[in-house]
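Residue indices begin at 1 and follow the sequence shown.
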Amino acid sequence: MTVKEDNADRRAAAQHTVAEHLRLTAAGHTEEWVRLFAPDAVLEFPFAPAGVPRRVAGRDALLAHMKNFPETFDVEFVGLEFHETVDPSLVIAEFRSTGTALPTGKPYEQTCVSVVRTDDDARITHYLDYWNPLVAIEALTPDDVPSDTDHSVTFGG
């Protein structure tokens, strides 16, 4: 196998992992989802609002963080687009989530960009998740809550 073929295989495997991450997240299969991550993987949210950690490390912490996601959001991820990178184990993905915030019944329409690093087995080692926390806060805030209250949200541990 040539280096070019090996890189193409690694890139395809890494992109498949990211697509599976989205599929399993939307389906609420958190136990299966966490197995896509290396044991010491890191998930980072640079724009996390109050009440949501900016960094989650390790499979146990990842599972605890995401355990309530299926009860919080009913979403579908659409428009997945991968951007080419020089490093075949690095994935840059752009996509949208469309669905409902279950506690309020409000629509949840989010645009995301994810920068994901994978290992030789295509397991996620580092996931940098760029999303707009204001969209989540709006979707999770009941209509009868005054606008001047604290809008911190939690959907995990």
Next item on the list: Kindly determine whether E109 and T98 satisfy side-chain hydrogen bond (donor to acceptor under 3.5 Å, both in side chains), including the steps that lead there.
Entry: CA-CA 5 Å; E109 305 290 329; T98 181; 2.8 Å; yes
Minimum heavy-atom distance [X]-[Y], with the two atoms named:
| X | Y | value |
| --- | --- | --- |
| Y127 | S114 | OH-OG, 2.8 Å |
| A14 | T118 | CB-OG1, 3.4 Å |
| P70 | M66 | CD-O, 3.7 Å |

Item checked: Electrostatic pair D40:R59 at N-O distance under 4.0 angstrom -> no
Check: With a 4.0 Å cut-off, would you call R23 and E20 a salt bridge?
Finding: yes
Checklist line | Audit row: D74, T100, side-chain hydrogen bond (donor to acceptor under 3.5 Å, both in side chains) steps and yes/no | finding: CA-CA 5 Å; D74 179 15; T100 304; 5.5 Å; no
Do [X] and [Y] have side chains that get closer than 4.5 Å, going by heavy atoms?
| X | Y | result |
| --- | --- | --- |
| R96 | Q110 | no |
| T85 | R11 | yes |
| L102 | T72 | no |
| F69 | V75 | yes |

Checklist line | Candidates V113, V115, L43, I92 - the one meeting side chain to side chain contact (heavy atoms under 4.5 Å, CB included) with L128 | finding: V115
Notebook entry, point to check: Testing V42, D87, I124 for side chain to side chain contact (heavy atoms under 4.5 Å, CB included) with R117, which one passes?
Noted result: D87
Item checked: Chi angles and distances behind the side-chain contact (heavy atoms from CB on, under 4.5 Å) call for F82, V91 -> CA-CA 7 Å; F82 294 115; V91 177; 3.5 Å; yes
Donor-acceptor pair, side chain of [X] and main chain of [Y], under 3.5 angstrom:
| X | Y | result |
| --- | --- | --- |
| R54 | P46 | yes |
| D119 | A122 | yes |
| K106 | T141 | yes |
| D121 | R123 | no |

Item checked: Derivation and outcome, ring-ring contact (aromatic ring centres under 6.0 Å, His included), residues H21 and F77 -> CA-CA 10 Å; H21 153 72; F77 295 104; 7.1 Å; no
Checklist line | From CD (E138) to OG1 (T104), nearest 0.5 Å | finding: 8.5 Å
Check: Which distance, rounded to the nearest 0.5 Å, do you find between the OG1 of T30 and the CZ of R35?
Finding: 10.0 Å
Note to self: For S97 and Y108: C-alpha separation, side-chain torsions, deciding distance, then whether side-chain hydrogen bond (donor to acceptor under 3.5 Å, both in side chains) applies.
What the structure shows: CA-CA 7 Å; S97 66; Y108 181 68; 4.6 Å; no
Margin query: I'd like to know whether Y130 forms a side-chain contact (heavy atoms from CB on, under 4.5 Å) with C112, so could you lay out the CA-CA distance, the side-chain angles of the two residues, the decisive distance to 0.1 Å, and finally the verdict.
Written below: CA-CA 6 Å; Y130 292 98; C112 303; over 6 Å; no
Notebook entry, point to check: Aromatic rings F45 and H65: how do their planes relate, parallel, tilted or perpendicular, breaks at 30° and 60°?
Noted result: tilted
